[in-house]
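Just so you know, these numbers use all the heavy atoms, side chains as well, and skip hydrogens, waters and symmetry mates.
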Amino acid sequence: MPTSPTGRPPVLPPARWAVRAAWAAPLGVLPSSVWRVTVAFTDGHNPTEIAYMAVLSCVTVALALLTVGLVQSWGETFPRWIPGAAGRPVPARVVTRIARAGGVLLVLITLYGALNNIFGFVERGPQLIHEDREYEQPAAWVTYLYLPAVAWGFLVLLVAGDYARRTTPSTDPEPR
């Protein structure tokens with residue numbers, strides 16, 4: 001079997017559905033992240049609260065963008081700008097395990113949120129910013145901004161499965 005310049009067997013291209021699913025992950029978290037940053041700067045929050053909401057939104061979008069790496073070349077080979085690892089293959093098994101663990105965690109968080117909303121396990125969660133101040137409940141339409149983010153964990157699991165399929169060496173003997 002021919003090998004790539006990295007010494008590994010060549011990686012198959014991602015499935016079309018996997019590319020779409022990978023891009024759907026960051027697009028799904030974008031509406032809630034934009035809303036959160038908008039609220040941070042418009043509802044009279046103090047600088048700590050603004051920083052918290054802005055950083056939370058940026059980290060959320062950045063983590064969702066990592067899903068795209070599962071269908072891009074930088075998810076298979078380290079980019080040239082990374083010292084010491086430039087051009088080397090990304091350890092596919094490690095990436096797959098991390099992606100699957102992250103996907104499962106996101107699904108569990110989503111399920112907990114949905115079940116808590118239905119059954120009310122916890123009436124009020126911890127208030128991480130300005131505990132002595134009361135905040136108004138967001139309008140019901142804000143739920144629609146968070147709804148696309150529900151798919152994030154499931155999308156990560158699907159794309160990680162495709163990544164594993166493409167990057168795991170085949171155990172089938174070579175045809176002669």
query: For Trp35, does the CH2 atom have more than 12 heavy-atom neighbours from other residues, nucleotides or ligands under 6.0 Å away?
result: yes
message: Please determine whether the number of non-hydrogen atoms from other residues, nucleotides or ligands lying under 6.0 Å from atom OH of Tyr144 exceeds 12.
response: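 Not more than 12 within 6.0 Å, no.
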Do [X] and [Y] belong together in a cluster built from hydrophobic side chains that touch within less than 4.5 Å?
X: Val68; Y: Trp81; result: yes
X: Val59; Y: Val37; result: no
X: Val71; Y: Phe78; result: yes
X: Val19; Y: Val90; result: yes
X: Val150; Y: Val29; result: no

Where is the tightest heavy-atom contact between [X] and [Y], given as atom of each residue plus distance?
X: Thr60; Y: Leu56; answer: OG1-O, 2.7 Å
X: Thr77; Y: Gly87; answer: CG2-O, 3.3 Å
X: Val159; Y: Ala22; answer: CG2-N, 3.6 Å

Please answer whether the main-chain N or O of [Y] pairs with a side-chain N or O of [X] as donor and acceptor at a distance below 3.5 Å.
X: Glu49; Y: Asn46; result: yes
X: Asp162; Y: Ala18; result: no
X: Arg166; Y: Leu70; result: yes

- prompt: Does the side-chain contact (heavy atoms from CB on, under 4.5 Å) test come out yes or no for Trp23 and Thr67, once each step is laid out?
  reply: CA-CA 8 Å; Trp23 282 104; Thr67 310; over 6 Å; no
- line: side chain to side chain donor-acceptor pair (under 3.5 Å) filter on Ser57, not counting sequence neighbours, yields Arg36
Straight-line distance of [X] [atom1] to [Y] [atom2], nearest 0.5 Å:
X: Leu158; Y: Trp17; atom1: CG; atom2: CH2; value: 5.5 Å
X: Ser32; Y: Leu147; atom1: OG; atom2: CG; value: 10.5 Å
X: Leu65; Y: Cys58; atom1: CG; atom2: SG; value: 11.0 Å

Side chains of [X] and [Y]: closer than 4.5 Å at any heavy-atom pair?
X: Leu30; Y: Val61; value: yes
X: Tyr163; Y: Thr168; value: no
X: His45; Y: Val39; value: yes

Review item, side-chain donor-acceptor pairs of residues 93-111, under 3.5 Å, at least two apart:
| from | atom 1 | to | atom 2 | distance (Å) |
| --- | --- | --- | --- | --- |
| Thr96 | OG1 | Ala92 | O | 2.8 |
| Thr110 | OG1 | Leu106 | O | 2.8 |

- request: Could you walk me through whether Arg165 and Leu12 pass side-chain contact (heavy atoms from CB on, under 4.5 Å), step by step?
  value: CA-CA 9 Å; Arg165 177 193 61 83; Leu12 298 169; 3.8 Å; yes
